[in-house]
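One structure is given here, and the rest of the page talks about it.
Residue numbers count from 1 along this sequence. Only heavy atoms go into these numbers, but all of them, side chains included; no hydrogens, no water, no symmetry mates.
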Amino acid sequence: MKKKSTLQSAFFKIPVLAGLFVVLAAGFVALVAAPNTLVGRDSQKSSAISSAVHPAKLAARTFFRITPDGVLLDRKVLTPEKQSSTAGTLERHVKGPLGNTLWVVDDQNAIADGVAIDSNNVWGAWILDGARLSIYPITGTPGWEFSSFNSGNSGVAAAKGADRAGFMESNAAGDDFQQHGFTSNSNGTPDWSFSYPVSDPNLPASSRKVATSRDGSTIAAVVSDSVTQDSTLYVFDAATGAIRQTWTDTVRMDGVDLTDDGSIALVTQDNVATLIDTATANTVFSVAGSGAGSIYYRISGDGRVFVVGGFSFDVYAFDGTTYTRVIHFSQANSWFGGACAVSHDGSTAGTFAGNFADNWLSGVVYLFDVASGNMLGAASNDDGSVMAFASWGTEFHDWPEVMVFNRNVELIGQIDFPGSAFSVDVSSDGQYVVGGSKAVHANQFGSGGRIELIQLQAAPTPTPTSTATATPTATSAPRSTPVPRPRPTPLPRPTP
């Protein structure tokens, strides 16, 4: 049976979609974590500065390439004539214990589709049977849970600088959508709740559709009306649940992100990025991307930089008057819509290029310096020093489902899940990385999931070698072929 390296962050009701999708997580500062005493917890409920960058400005860099046979460290030279030279070094990623596992939460039925981490807690959004919101203090002490339906879909977004989280849920039928506000002290009872007057079973609740501002003042969410086909952005007072503003449009809204103070919402509308003033509902700026489908755009904390993915990866920056595209990057047969990220300070932007020509079996993670437009490499927290991405991985676990890199493109952390990873987040100080997963590979039918929290080590290891020589790898014994399982219809190629 052919190995599958499909990478995805599932956000539909059935978490077995085939297609390549990676989730990038942006967090803060440098690595300052020190080894800590392990705390175990196991539960059965369980951001313009210049014109678009020309390829000639891109120098020789290092990046990580995801292939059907594993993760390779690939040194390439990007030139105007040939953007991807084959000359370079390939080093097979070697698994190792990068980061201390603080605790693990397993669930026999629900899947951990969304995770969010603040300075003190991990918030988890579980879906399907047992769908709910869970909170787990970083210390590992027992937390509480909440659900209105106990089955269906959910999404969570937590404030990085305040004790506040927004939780969206929809029932299994997809005809009842609710929004809730919580703090860590809510003890399973929402501080406030709101029932949306519209619903769309084809666009259920997910973590992409809800955002909480860094200061904890604002919660925003997008929902669609299956009858009129309109979509609406709701802006709530995070403390009281009062609706501050709404904005309705005929173009479908797939996701939302907020600036630090919640004053600007970046709404993902199919292939359109729209910045909305949340006080007036006026459009601040709007630009079309290069493709639609499974897209989620991101904005920096001050709102000066935002990223757009599709058939190309584009970065826009505010020049004092308007937003100008400062980075435009594309590669043949690549889809950048699966995962795009910008650091909190707007200095660093990252993306994953999935190769749709080989049935989504390979891809590359890229990292850019926004001010210069130069590619740093391929693999953010607040200053872009920590970037994590989660993947479906392969059915043979050829690489960790969650991998964490620094700005030097060094692998500094990882999480090996028993199944495919669906979500990842990084704490604002860069110390902690949390991932959520399914209990088995996403291409396999099955239930159950896991949330795992790691603390990054103070000394990042390993570092890429400076010599252009291949690193020998040991040959492992042949592995048995998994028992064939029913498979869903593959995710179609993206549309222009």
Side-chain angles (χ1 to χ4, degrees), residues 114-125 131-137 143-149 152-171 176-199 204-225 231-249 253 255-267 275-282 284 299 301-303 425 428:
V115 290
I117 185 171
D118 59 30
S119 58
N120 298 306
N121 306 285
V122 171
W123 302 77
R132 67 195 186 279
L133 172 69
S134 297
I135 182 172
Y136 313 100
W144 48 261
E145 298 180 336
F146 167 81
S147 176
S148 296
F149 310 116
N153 291 270
S154 66
V156 65
K160 293 290 185 181
D163 184 6
R164 183 71 62 185
F167 178 62
M168 171 190 276
E169 60 176 347
S170 56
N171 62 358
D176 192 352
F177 279 61
Q178 295 187 18
Q179 183 67 52
H180 310 283
F182 288 95
T183 68
S184 61
N185 297 317
S186 298
N187 294 323
T189 301
D191 295 345
W192 56 268
S193 297
F194 174 76
S195 294
Y196 290 103
V198 298
S199 65
S206 79
S207 294
R208 292 172 178 246
K209 300 179 68 175
V210 60
T212 302
S213 62
R214 187 183 186 90
D215 64 3
S217 66
T218 308
I219 291 174
V222 293
V223 294
S224 298
D225 189 333
S231 291
T232 301
L233 165 70
Y234 283 81
V235 182
F236 301 93
D237 181 303
T240 67
I243 299 176
R244 292 179 180 168
Q245 197 58 259
T246 61
W247 175 66
T248 300
D249 196 71
M253 301 179 191
V256 62
D257 198 13
L258 286 170
T259 55
D260 280 357
D261 59 3
S263 61
I264 296 178
L266 172 58
V267 182
L275 276 65
I276 298 295
D277 184 318
T278 59
T280 64
N282 293 331
V284 176
I299 193 168
D302 59 8
D425 199 13
S428 61

For the student: nearest non-hydrogen atoms of E169 and F146, plus distance: OE2-CE2, 3.7 Å
Candidates T212, L133, I219 - the one meeting side chain to side chain contact (heavy atoms under 4.5 Å, CB included) with F167: L133
Determine, stepwise, if the pair D215 / S213 fulfils side chain to side chain donor-acceptor pair (under 3.5 Å). CA-CA 5 Å; D215 64 3; S213 62; 2.7 Å; yes
Quick one, W144 and T189 - any side-chain contact, counting heavy atoms below 4.5 Å? no
Strictly by modelled atom types, are D261 and S263 linked by a side-chain donor-acceptor pair under 3.5 Å? yes
Considering residues at least two apart in sequence or located in another chain, which fulfil the side chain to side chain donor-acceptor pair (under 3.5 Å) criterion with Q179? Y196
Between CZ on residue R214 and CG on residue D302, distance to nearest 0.5 Å: 11.5 Å
If you take all heavy atoms of S199 and D176, which pair is closest and at what distance? CB-N, 4.4 Å
With distance as the sole test, does W192 use its side chain to make a donor-acceptor pair with the main-chain N or O of A238 at under 3.5 Å? yes
Qualifying residues under side chain to side chain donor-acceptor pair (under 3.5 Å), relative to S231, sequence neighbours excluded: S224
Which atom of S207 lies closest to which atom of A125, heavy atoms considered: OG-CB, 4.3 Å
Over all atoms of both residues, closest heavy-atom pair of A281 and W247: O-CD1, 3.7 Å
Can you tell me how far apart CZ (F177) and CZ (F149) are? Round to the nearest 0.5 Å. 9.0 Å
Rounded distance (nearest 0.5 Å) linking atom CG of D163 with atom CG of N185: 6.0 Å
Residues D257 and A211: closest non-hydrogen pair is CA-CB, 4.0 Å
Provide the closest heavy-atom pair for M253 versus L233 in the form atom of the first, atom of the second, distance. SD-N, 3.7 Å
Could you list all the salt bridge (Lys or Arg N to Asp or Glu O under 4.0 Å) pairs where at least one residue sits in residues 234-244, not counting sequence neighbours? D237-R244
Is the backbone N or O of G124 less than 3.5 Å from a side-chain atom of S134, with the two atoms forming a donor-acceptor pair by type? no
Atom pair CG (N121) and CD1 (I135), whose distance is rounded to the nearest 0.5 Å: 4.0 Å
State, yes or no, whether a side-chain contact exists between R164 and D191 at a heavy-atom distance under 4.5 Å. yes
Is the backbone N or O of S148 less than 3.5 Å from a side-chain atom of Q178, with the two atoms forming a donor-acceptor pair by type? no
Side-chain contact, heavy-atom cut-off 4.5 Å: I299 with L275? yes
Any donor-acceptor pair under 3.5 Å linking the side chain of S154 with the backbone of A131? no
Between the side chains of T232 and Y234, does any donor sit under 3.5 Å from an acceptor? no
If we only count heavy atoms from C-beta on, is the I117 to V122 side-chain gap below 4.5 Å? yes
Taking the side chain as everything from C-beta on, heavy atoms only, tell me whether P190 gets closer than 4.5 Å to F182. yes
State, with a plain yes or no, whether a side-chain heavy atom of M168 is found less than 4.5 Å away from one of V156. no
dist I276:CD1 -> L258:CG (nearest 0.5 Å) comes out at 12.0 Å
